[in-house]
Amino acid sequence: MEHASASEGDTLASPIGRASGGDEPDGARWQRLLAEAIRDPQELWRVLDLPPAALPAARSSAKLFPLLIPRGFAALMQVGNLNDPLLRQVVPLAEESQAHPGFVRDPLRESGAGHAVGLLQKYQGRALLVTTGACAVHCRYCFRRHFPYADLPRGRRWWSDAMAALAADPTVSELILSGGDPLTLPDSQLAALADDASAIPHLRRLRIHSRLPVVLPERVDRAFLSWLGASRLRPVVVIHANHANEISDDVTAACRRMLEAGAVVLNQSVLLAGINDRVDALAALSEALFRAGVLPYYLHALDRVEGAGHFQIEEGTAAGLVREMAARLPGYLVPKLVREVPGAASKVPIPW
Ligand SMILES: *Cc1c(COP(=O)(O)O)cnc(C)c1O
Ligand code: SF4
């Protein structure tokens, strides 16, 4: 497609584009940065100079769901501040072991929703492919913290089964790559997947749900953009940021590169106590996204997953926050406040 070839040249000469065109080939740089991510609580404590008293609990919580933070993301956090809004999303805390009524291991009951293995179809017209269990960051509130990824069959057979199921269902017009995080996969695999998908005539859109453009913007390199922009399918990238501090200059540049490659770029957030549960924080996030050319899409009420109860916001409070946002922002900067309800035909709006 034309927009793909147009994006190969000078539009990619951003700081990140230049860096990835240096010594390291495309792909090698982000994979190295991912390999170098912080995985050890003690190291996180050292890098950010955090209070030692909270370290033992971090260690035990990290045994249930490992700590994982790219160094570039950690660099956006305030040193010495355990309440930093970016840190709180990813730091294991003692609160995770508190039980909360109604918080369960599989809140979305996804174990029952797959019609081909790895392919979830909950909503009409859209099929979601769980491509991998891996992420570039581990968000402590994530509903997938107990997802049985190990049960996913791997390799060619899994892939061709999913493609066969898609090809056999003409009602599906959009394929959503999800996970885990699909952008942890190498571009060779993703390009092959996009290729197979584009051969299915009734598919029109290819959507990618990923946190990598935010936590590892180096991932948005030429190799990624070239297959993304070249597909017959219209690309939609839904990034995931919860706080304005996440939208660094590098993230802004990464979003602009995706737009230049022809993608529609949207953001989804989760409403999280102590992180973005004030109207100022939410409005600042919408403004920062807009500067990056990204529109807010969903603001999710927390899925009630075991270990995340301390992030919960009452629905009435959530509705009030969105009402206040709507009173001070243009309508296109107000995300849809939704909750996932098992068995519902769509995300369920929370009225405000
Ligand atoms: C959220 C979700 C989608 C996408 O829903 P949209 O409202 O189109 O963003 C599709 N499939 C599954 C299984 C989902 O959880
Ligand atoms: S699936 Fe998304 S929200 Fe969950 S841990 Fe991975 S990046 Fe975070």
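Remember, it's a predicted structure, so these values are computed and weren't measured experimentally. Both counts, for ligands and for their atoms, begin at 1 and track the order of listing.
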List the steps and the verdict of salt bridge (charged side-chain N to carboxylate O under 4.0 Å, His left out) for D249 and R291.
CA-CA 10 Å; D249 290 349; R291 280 194 294 278; over 6 Å; no
Under 4.0 Å to a heavy atom of E340 - the qualifying atoms of ligand 1, by number:
15 (O)
Heteroatom N/O/S of H138 within less than 2.8 Å of atom 6 (Fe) of ligand 2:
no
Please could you name the atoms of ligand 1 that Y298 approaches to less than 4.0 Å, counting only its heavy atoms?
6 (P), 7 (O), 9 (O)
Take I247 and T252 through the side chain to side chain contact (heavy atoms under 4.5 Å, CB included) test and state the conclusion after the steps.
CA-CA 6 Å; I247 315 300; T252 300; 3.6 Å; yes
Closer than 4.0 angstrom, basic N to acidic O: yes or no for E218 and R32?
no
Does C142 bring an N, O or S atom to under 2.8 Å of atom 4 (Fe) of ligand 2?
yes
Check this for me, if you would: do R105 and E306 make a salt bridge, where the nitrogen-to-carboxylate-oxygen distance has to be below 4.0 angstrom?
yes
Taking both backbone and side-chain atoms of Y123, is any N or O found less than 3.5 Å from an N or O belonging to ligand 1?
no
Just let me know how R207 lines up against ligand 1, side chain, backbone, both or neither, with a heavy-atom cut-off below 4.0 Å.
side chain
Can any side-chain N or O of D277 pair as donor or acceptor with the backbone N or O of G274 at less than 3.5 Å?
yes
Using distance alone, with no hydrogens and no angle criterion, decide if Q98 and H310 have a side-chain donor and acceptor under 3.5 Å apart.
no
Please work out whether any backbone atom (N, CA, C, O) or any side-chain heavy atom from C-beta onward of I176 is under 4.0 Å from ligand 1, and answer side chain, backbone, both or neither.
side chain
Residue H240 vicinity, atoms of ligand 2 by number, heavy atom under 4.0 Å:
3 (S)
Only heavy atoms of R126, strictly under 4.0 Å: list the atoms of ligand 1 that pass.
5 (O), 6 (P), 7 (O), 8 (O)
Could you pull out, from K122, Q121, K347, the option with a heavy atom nearest to atom 1 (C) of ligand 1?
K347
Contact list for residues 176-219, test ring-ring contact (aromatic ring centres under 6.0 Å, His included), sequence neighbours left out
none
For ligand 1, which atoms, with element, lie under 4.0 Å from some heavy atom of Y297?
6 (P), 7 (O), 8 (O), 9 (O)
For Y298, I'd like to know if atom OH has over 12 heavy atoms of other residues, nucleotides or ligands within 6.0 Å.
yes
Please identify which atoms of ligand 2 are closer than 4.0 Å to at least one heavy atom of C135.
1 (S), 5 (S), 6 (Fe), 7 (S)
For the pair D221 (side chain) and G27 (backbone), establish whether a donor and an acceptor sit closer than 3.5 Å, ignoring hydrogens and angles.
yes
Is the shortest distance from a heavy atom of Q268 to ligand 1 less than 4.0 Å?
no
Counting each atom of ligand 2 from 1 as listed, which ones have a heavy atom of R211 under 4.0 Å away?
7 (S)
